[in-house]
Amino acid sequence: MFLPMIVIKPQKFALSFTIGNLLSIGSMMFLVGPAKQAKNMCAKGRAAATAIYFCSMALTLYCALVLRVYVLVLICICIQCIALAYYAVSYIPFGQTMLSSAI
């Protein structure tokens with residue numbers, strides 16, 4: 001279902017995907033608490049992953065809503081998926097080490 005949407009209207013998919021990611025972070029803040037979630041996101045091992053993840057979301061929104069360049073939006077979606085995986089792995093003990101050694 002998402003593959004045709006990515007190919008036909010990547011801007012719409014990018015907007016939906018980014019809003020979904022922001023909502024998932026917001027729901028974690030609701031469950032854990034905003035202060036603790038912010039502290040976890042800025043911890044030593046996760047700060048870089050968090051920064052890359054948020055920058056990739058901002059870049060995706062910029063390319064989808066302002067530039068509207070088809071290829072750039074597709075590239076930003078890929079970057080955001082990779083950043084999401086790296087961010088998620090940062091919450092697994094030794095996850096970033098395992099991911100780095102696997103690549």
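No experiment lies behind these values; they were computed from the predicted model shown.
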Parallel, tilted or perpendicular for Y87 and Y91, by the 30°/60° rule?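 Geometry flag for Y91 against Y87: perpendicular rings.
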Verify same cluster id: [X], [Y] (apolar side-chain graph, 4.5 Å):
X   : Y   : result
L23 : F30 : no
L74 : V69 : no
L15 : I79 : no
I75 : I82 : no
L72 : M57 : no

Closest non-hydrogen atom pair between [X] and [Y], with its separation:
X   : Y   : result
A47 : C42 : CB-O, 4.1 Å
Q11 : V73 : N-CG1, 4.0 Å
L65 : R68 : O-NE, 3.8 Å
P10 : I77 : O-CD1, 3.8 Å
T18 : Q80 : OG1-OE1, 3.2 Å

As an exercise, state the distance from [atom1] of [X] to [atom2] of [Y], rounded to the nearest 0.5 Å.
X   : Y   : atom1 : atom2 : result
L22 : S27 : CG    : OG    : 11.0 Å
S90 : N40 : OG    : CG    : 9.5 Å
M98 : I92 : CE    : CD1   : 6.0 Å

Do other residues, nucleotides or ligands put more than 12 heavy atoms under 6.0 Å from Y70 OH?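 Yes, because the 6.0 Å sphere around OH of Y70 holds more than 12 heavy atoms from other groups.
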State, yes or no, whether a side-chain contact exists between F17 and T60 at a heavy-atom distance under 4.5 Å.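 Not touching, per the 4.5 Å side-chain cut-off.
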